[in-house]
Amino acid sequence: MRHLFLTTALTLTAPMAFAEVQTADVLATYANIAEAGYADSLATAQTLQAAVDALIADPSETNLQAAKDAWLASRVPYQQTEVYRFGNAIVDDWEGKVNAWPLDEGLIDYVDASYGGPTDENEFAALNVVANATFTLSGEDIDATDITPAFLEGQLHEADGVESNVATGYHAVEFLLWGQDLNGHGTGAGNRPWTDYGAGDDCTNGNCDRRADYLKAATDLLVSDLEWMAAQWATGGDARAEVLADDAAGLSAILTGMGSLSYGEVAGERMRLGVMLNDPEEEHSCFADNTHNDHYYDGLGVQNVYFGSYTRIDGSTVTGASLSNLVAETDAALDAEMQVKLAATLRELGEIKLAAEAGFAYDQMLEAGNADGEDLVMGGVNAFVDQTRTIERIVAVVGAGEITVEGSDSLDDPEAVFQ
Amino acid sequence: MKYAAIFCLTPTLALANPQVDAAIDDHVLPRLAHLTEMTSDLVAAGCDAQAAWEDAAEAWIAVSHLRFGPTEVDNRAFALAFWPDPRGTTPKTLHGWLAEGNLDVSDASIAGRGFYAMEFLAFDEAFWEYEATCDLIGALAEDIHSNAVAIHDDWENRYAALIQEAGNDIYRDETESLQELYKAVGAGLEFMIDQRLGRPLGTFDRPRPTRAEMRRSVRSLANIATSLDSLTELAMILADDEIDSQITVFADRAHGRIAQIAALEGGADLSLVAQPADRFRVEALQQDITDIRLLLAEQLGPQLGVIEGFNSLDGD
């Protein structure tokens, strides 16, 4: 709905003509960054896939750690693509398959007794499909003898229409690699033993074969989903075509993604709520304790699309005409304001990241009465909210057609600008 | 030429805008003042809080769309209203606090505070077996009242001037002030469509009556009426007469639908969403509200010269 309304606002104006920076070039840069970002996400997910295969073939502490390292690396490019979500229906409709959160992990595998059982909202919060090859779902008998990608995405994901029944994607894989984080507000991530994938007598917590089948199926599905999305942004892909089809709608997609991710999603849903609920399970990556990076790379992704520049995982860069150039051409002060605010946000997110990496875990920041932690997280929230105000101002400038001052009717009828 | 245009576009500093003035003086401030009166009564009511809670909750619903400025400072509004709660955190938190006798709520998780938490304590028997329930009701009422007063005072002493006398860093010009108020109406309508109505509706095959807002106190439908009245009041302050008359037509239609639903069994708590024969009435009400939202987007926004901005509901 948001996208519809923003698009409506932007398409009310006459077609825009720019002296130097062409909107079509800005949109092409935006699509190129998406193409590179999803290609990098795919490549790092394939590395994860190889590591998972190695873990299953030869379970060991070393191979589990290698898979975890590959998962962490895969999050770096992916989080930077989140800025494409809210503005592009193709991405938004697909995103729930790969990055759904939060999840009732008891759906997937064993959990600690403190987790509890089924809830009012979710009958299947403790289903444990790894341990149960057959069960009943909404009155239907389900045969989960073979845990396949098709089973995960077709039957288990969002089972019973409950969003927290997350069966696929990064966070399902994260849970299968790390396990529950039972440290509460203390430091330390989930501590799943490698023997959860052990063969024969090595196997801990039962059903190691089925757990491995699940991990393999979820990882394979993640790779195929990312393959699909990377193709949408390549030359000839639908997502690219949609962005390039219409200047106003394309700019709306960029700005909608920047604003919605900054404010409603990351500042609100993911950061503020966690600190106000004092709940370590409100961490975005609660199993791996990687939440500080999730937020940081989301913030960086917003910068990338504004500056029209993305640094790839191999160090090369994708750059081109940018929204920043476009805004600067009309209103240099507004572009400067945006730059200052984006820098402020990344600084705040950087402070959270460095504190977490130096040992002050994100779980600790969320603890009730931890004033320093609250200040850190709220610093990020406030910066995101503040940058959204400037994004709105940019929408207003683009939407009101103020960018084309010359030859506009604002001289004859100043009121026209406000209509 | 360019200078002339810019000059025309620059609003005179601190020139009051009549719509913004009216929105603050006739809508925001009186409704917030009413909230503080009701929360004061809630404190006075002690443990026998049901009636006072209903009045205070109604007063909150009527301002729940004003999510900017004073409500966001110190996360005051979050502490007043944590809903929806898809993971059932509120009852879990309350059982925990009651078991350990925790009454120190002012810096505690928002899941256990505010109107929605207090509804569990006042209306759900499952919470009456604890010794501390009565004391916790009192502590929550105090916390609610202090947040309501803080929001009201902050508006009166600081924020009303900021938004009415644009030309500051928050509201650069009166268009930004108007936009803030316009966004509040839009966000309130969206919340009604997606949450207050959308959550219990679920899907035809899987309706979710237990997800209705404030169903324990049977206020789910009443909240729709309250919110609709308050949102149309603000929209009509912002709009011209022609749009006003259209809003009136649309709002009357929605109120007619609410009256029909209220007369049916399971209407007041919206549990009739699970009845195939009556469910369509709630869907129709949702469509009525959507029609108002579209009317405002197509006509009021352009009339005010403001764009759709972003709000806290934009995430998923």
Side-chain angles (χ1 to χ4, degrees), chain A residues 1-2 4-6 8-10 12 85-86 92 95-96 102 104 116 119-122 138 160-161 163-164 256 259-270 272-273 275-279 281 368-369 378 385 388-389 391-393 395-396 399-400 402 405-406 408 410-411 414 417-419, chain B residues 1-2 4-9 72 75 78-79 82 84-89 91-93 107-113 169-170 172 174-176 178-179 183 186 190 193-194 202-203 205-206 208 210-211 290 293-294 297-298 301-316:
Chain A
M1 202 125 133
R2 171 72 29 195
L4 169 78
F5 290 132
L6 265 187
T8 309
L10 291 183
L12 288 171
R85 271 182 67 186
F86 299 101
D92 212 18
E95 186 272 347
D104 288 335
T119 65
D120 287 353
E121 292 268 346
N122 186 6
S138 310
D160 198 31
E163 282 186 7
S164 57
T256 302
S260 298
L261 183 70
S262 296
Y263 188 7
E265 182 65 22
V266 181
E269 184 82 7
R270 296 190 196 167
R272 193 198 294 256
L273 215 50
V275 85
M276 301 195 59
L277 290 170
N278 310 126
D279 182 355
E281 291 199 14
M378 289 308 295
V385 172
T388 306
R389 292 197 77 83
I391 296 168
E392 279 184 340
R393 288 180 179 132
V395 175
E402 286 176 29
V405 172
E406 300 297 333
S408 78
S410 58
L411 284 178
V417 180
F418 293 109
Q419 282 171 10
Chain B
M1 292 282 275
K2 213 166 183 175
I6 289 164
F7 182 73
C8 290
L9 290 171
E72 308 312 288
N75 297 318
F78 287 91
F82 175 62
D85 176 21
R87 304 177 87 191
T89 315
K92 212 195 260 179
T93 302
D107 196 30
S109 167
I110 57 165
R113 297 160 64 192
D169 200 45
I170 299 178
R172 295 273 161 82
E174 62 189 56
T175 303
E176 291 197 356
L178 284 168
Q179 185 189 8
K183 274 170 54 177
E190 268 181 48
I193 296 162
D194 297 340
T203 61
D205 292 330
R206 195 73 164 90
R208 307 279 180 173
T210 60
R211 292 184 185 175
T290 305
R293 176 82 179 97
L294 290 170
E298 284 163 11
Q303 184 189 93
L304 297 173
V306 301
I307 48 101
E308 294 289 333
F310 299 96
N311 65 55
S312 62
L313 309 176
D314 289 339
D316 53 7

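Here is the naming used below: chain letters follow the sequence lines, and residue numbers restart at 1 for every chain.
- The CG atom of B/Asn311 lies 9.0 Å from the CD atom of A/Glu392; values are rounded to the nearest 0.5 Å.
- Distance check, rounded to the nearest 0.5 Å: CZ of B/Arg293 to CD of B/Glu298 gives 10.5 Å.
- Looking at B/Ala108, only its backbone comes within 4.5 Å of chain A, counting heavy atoms on both sides.
- Among the candidates A/Gly116, A/Pro102, A/Ser262, A/Gly96, the residue making the largest number of heavy-atom pairs closer than 4.5 Å to chain B is A/Pro102.
- The heavy-atom pair separating A/Met378 from A/Val275 by the smallest distance is SD-CG1, 3.8 Å.
- For B/Arg208, the part lying under 4.5 angstrom from a heavy atom of chain A is the side chain only.
- A donor-acceptor pair is defined here as one N or O able to donate and one able to accept, closer than 3.5 Å; such a pair exists between the side chain of A/Arg389 and the backbone of B/Ile170.
- With a 4.5 Å cut-off on non-hydrogen atoms, A/Asp104 touches chain B through its side chain but not through its backbone.
- B/Asp205 does not touch chain A: none of its heavy atoms, backbone or side chain, sits under 4.5 Å away.
- Summarising the geometry, atom CD belonging to B/Glu176 is positioned 9.0 Å from atom CG belonging to B/Asp169; distances are rounded to the nearest 0.5 Å.
- Looking at A/Leu273, only its side chain comes within 4.5 Å of chain B, counting heavy atoms on both sides.
- Contacts between B/Leu178 and chain A at a heavy-atom distance below 4.5 Å are absent for every atom of the residue.
- Counting heavy atoms from C-beta on, the side chains of B/Leu304 and B/Gln179 never come closer than 4.5 Å.
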